[in-house]
Amino acid sequence: MCPRHAGAWNMLTAAVCMALLGCLQAQELQGHVSVILLGATGDLARKYLWQGLFQLYLEEAGKGHSFRFHGTALTSTKQGQEVIAKVLESLSCPRDTAPGRCAELKAQFQQLSEYRRLKTPEDYLALSKDIEARVQHEGLQEVGRIFYFSVPPFAYAEIARSISSSCRPGPGAWLRVVLEKPFGHDHRSAQQLAAELGSFFQEEEMYRVDHYLGKQVVAQILPFRDQNRKALDGLWNRHHVERVEIIMKETVDAEGRTSFYEEYGVIGDVLQNHLTEILMLVAMELPLNLSSSEAVLEHKLQAFRALRGLQRGSAVVGQYQAYRGQVRRELQKPDSFHSLTPTFAGVLVHIDNLRWEGVPFILMSGKALDERVGYVRILFKDQAYCAQSEKRWVPAQSHCLPQQIIFYIGHGELGGPAVLVSRNLFRPSLPSASWKEVEGQPGLRLFGRPLSDYYAYSPVREQDAYSILISRIFHRRKDSFITMENLLASWVFWTPLLDSLAHEVPRLYPGGAENGHLLDFEFSGSHLSFSQPPLEQLVLGPDSAPMPSDFQVLRAKYRGSPLISAWPEELIARLAGDIEAAAVQAVKRFGKFHLALSGGSSPVALFQQLAMGHYGFPWAHTHLWLVDERCVPLWDPESNFQGLQAHLLQHVRVPYYNVHPMPVHRRQRLCAEEDQGAQAYAEEISTLVTNSSFDLVLLGMGTDGHTASLFPQSPVGLDGKQLVVLTTSPSSPHRRMSLSLPVINRAHKVAVLVMGRMKREIAMLVSRVGREPRKWPISGVLPDSGQLVWYMDYDAFLG
Ligand code: BG6
């Protein structure tokens with residue numbers, strides 16, 4: 001504000017005081033807060049943020065704070081002032097405010113708001129000085145500054161530097177910076193951005209916005225769970241929940257935003273943030289005290305840790321047909337340009353903890369769909385049999401009607417936010433001051449049932465997400481924002497899926513109602529697939545990869561032993577089938593099956609396949625051994641046993657005493673020679689496994705020709721009497737424990753699984769060499785009297 005307006009400012013302050021505080025009961029002014037809105041003339045600011053700031057002013061000014069709102073941008077002062085003036089004019093008051101009163105409040109807010117161009121570090125310094133001068137002049141005390149970054153992320157670093165160096169408030173006052181997504185497009189870029197911002201701000205100063213956390217219904221999920229603990233305690237778990245659907249469907253497409261969309265796609269734009277946050281609110285353990293932000297955030301992180309890793313088969317992706325053309329037009333790409341960016345994705349998520357194990361969480365979002373709607377639907381298992389005939393079922397009593405809880409985020413048939421609970425579940429409790437029962441809408445059906453089948457509540461006053469979040473920033477409710485740990489945990493979860501989809505051709509869909517059932521999908525185990533064949537196949541370029549159907553499972557010889565080669569999925573299915581057959585046969589003949597398994601990434605898919613698809617496997621009679629182990633504690637993520645535990649053991653019923661981890665961690669030490677771990681394992685083998693001959697040993701092959709943890713030039717384990725040895729790996733963790741070649745070669749059957757293009761070269765080399773275990777330990781694998789079978793995928797075998 002210019003000096004000649006200072007007098008007017010004083011009068012206005014007094015007027016505000018009169019109007020809002022009724023002066024006589026006025027509280028002491030708690031302090032002055034400056035809000036600096038960066039990008040104040042942009043889309044988001046014009047649509048939501050100014051309104052949110054006005055709301056903040058209405059709620060808080062009467063409680064003893066004074067405010068000043070600085071809209072800033074790179075736009076010239078004159079132009080900026082014009083835009084802001086228009087926006088301020090269009091602000092709306094709460095519905096019950098009388099028109100005269102509303103005009104008064106708006107005028108007050110307009111007086112407290114200004115536009116200034118903010119570009120150089122000097123501009124920031126000048127702003128800081130102005131704030132200090134004003135505060136001093138008014139005899140106020142500055143309590144804090146909020147900087148709202150409504151600017152593209154590429155501008156973050158420079159602005160952050162200027163704020164940090166020239167515009168921090170003085171001692172005793174707080175700084176809050178508010179950041180809008182995207183926060184990176186994968187784990188690495190998110191880490192970089194976090195590190196960059198971390199060099200300017202403390203974590204507690206940063207408020208990363210996910211506007212879905214401000215949506216009324218989303219913000220109500222935890223309070224709802226809390227207020228209905230008694231009813232939900234027994235229900236909110238794998239024994240009762242059939243599935244959870246977290247859905248955000250949009251009718252709009254990405255036109256006008258394709259440069260952004262090409263980088264993020266629907267997964268980076270919506271699933272990684274909005275839908276994942278909602279997933280966490282549904283799945284996390286409920287803290288005892290919801291008012292503690294720290295407790296909420298900690299519980300959320302724990303839920304992140306329990307997410308099962310996603311595979312390529314965990315998702316289906318699509319792209320609306322017009323997208324390609326929009327990208328070509330907007331990004332000036334040639335006609336031959338094909339984008340693989342998904343505009344639609346359905347993802348199946350599992351959570352490996354006691355509460356949720358086995359419950360499918362379906363996350364789905366897409367552009368150009370048939371309707372705009374967002375909801376979370378928790379469908380409960382139908383565990384009742386109703387003896388009465390259906391025509392006598394009463395919605396509030398019959399346990400044979402569907403039981404569901406729906407957090408209806410908005411739009412859709414209902415047209416607004418609501419919380420719905422099937423009447424045959426329980427009557428929910430919601431705060432009556434802010435939630436009211438939805439009035440009946442005859443004929444309206446939701447999720448297969450008439451609205452009258454539900455207890456349905458909607459907010460007394462609908463509020464925009466940004467208004468809610470701005471208030472929460474002011475009140476330091478950090479749990480409504482994304483912490484750095486939270487953000488990185490989410491990217492750790494999504495990045496492998498994004499990587500595995502990088503070359504996947506999304507299914508084309510026409511858009512809108514014409515999509516028909518084209519995007520319906522279904523799941524089996526951890527695998528998701530479209531329910532219907534595609535309408536139209538993309539014509540692949542001349543250099544595109546062959547499709548799985550182009551090949552049969554190949555049978556041939558490799559190093560004189562049988563070779564089975566196929567695409568990864570078929571290969572794994574075949575290997576799992578062969579292992580099951582060997583197990584069934586061994587148990588039939590000897591009453592038990594001794595299986596020694598390798599670690600690493602290749603067997604993960606095998607473990608999952610065995611865990612999810614082999615119900616005839618005689619697990620109760622199976623002994624599980626480790627082929628090798630890294631010298632780390634068993635709970636370390638790098639431990640082979642940990643991989644086995646995560647992907648297999650926790651899903652099958654192997655008796656505890658049949659599981660034989662390698663003793664790498666004894667007397668608080670890792671693989672110390674004097675602790676004799678290798679000897680102890682060898683003894684265990686000799687005692688339990690007849691002739692120390694495993695029924696089946698599963699090996700892999702490293703790019704240097706190592707197998708188990710027997711590396712080229714290993715001084716031990718390639719021959720001699722030792723069954724188990726300590727070895728050294730060229731890569732970290734260096735110390736290992738491994739079965740020796742002699743004990744491997746005593747096995748009845750050895751399967752070597754080789755997958756991925758990276759193995760192509762070594763596979764070629766090893767196919768030509770003789771038996772030279774010192775150079776290539778894998779070449780020493782040749783069972784004395786058992787059978788060796790090679791399982792190679794086409795990438796490894798054909799390149
Ligand atoms: C944004 C996404 O975060 O959320 C957009 O970038 C999406 O692609 C939007 O359209 C949806 O938000 P809302 O509030 O309209 O449901």
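Note that ligands are numbered from 1 as they come in the structure, with each ligand's atoms numbered from 1 the same way.
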Legend entry - Side chains of Tyr156 and Glu180, donor plus acceptor under 3.5 Å: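 Glu180 and Tyr156 do not have a side-chain donor-acceptor pair below 3.5 Å.
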
Inset, instruction - For the residue pair Asp464 and Gln51, confirm or rule out a side-chain donor-acceptor distance under 3.5 Å. - result: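 No, because no side-chain N or O of Asp464 sits under 3.5 Å from a partner of the opposite role on Gln51.
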
Legend entry - side-chain hydrogen bond (donor to acceptor under 3.5 Å, both in side chains) assessment of Arg449 paired with Ser422: CA-CA 9 Å; Arg449 301 301 308 166; Ser422 294; over 6 Å; no

Inset, instruction - Is it possible for you to check whether Lys181 lies under 6.0 Å from the centre of the six-membered ring of Phe183, through NZ or CZ, and within 45° of that ring's axis? - result: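 No; the conditions do not both hold, so Lys181 does not lie above the ring face of Phe183.
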
Legend entry - Ser90 side-chain N/O to Val87 backbone N/O, donor-acceptor pair under 3.5 Å: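 Answer holds: yes.
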
Inset, instruction - Examine distances only and state if a side-chain atom of Thr495 and a backbone atom of His187 form a donor-acceptor pair shorter than 3.5 Å. - result: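 Present.
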
Legend entry - For ligand 1, the residues whose heavy atoms come within less than 4.0 Å (ordered by chain, then number):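 For ligand 1, the contacting residues are Lys181, His211, Tyr212, Lys215, Met248, Glu250, Arg257, Asp269, His274, Lys367, Arg372.
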
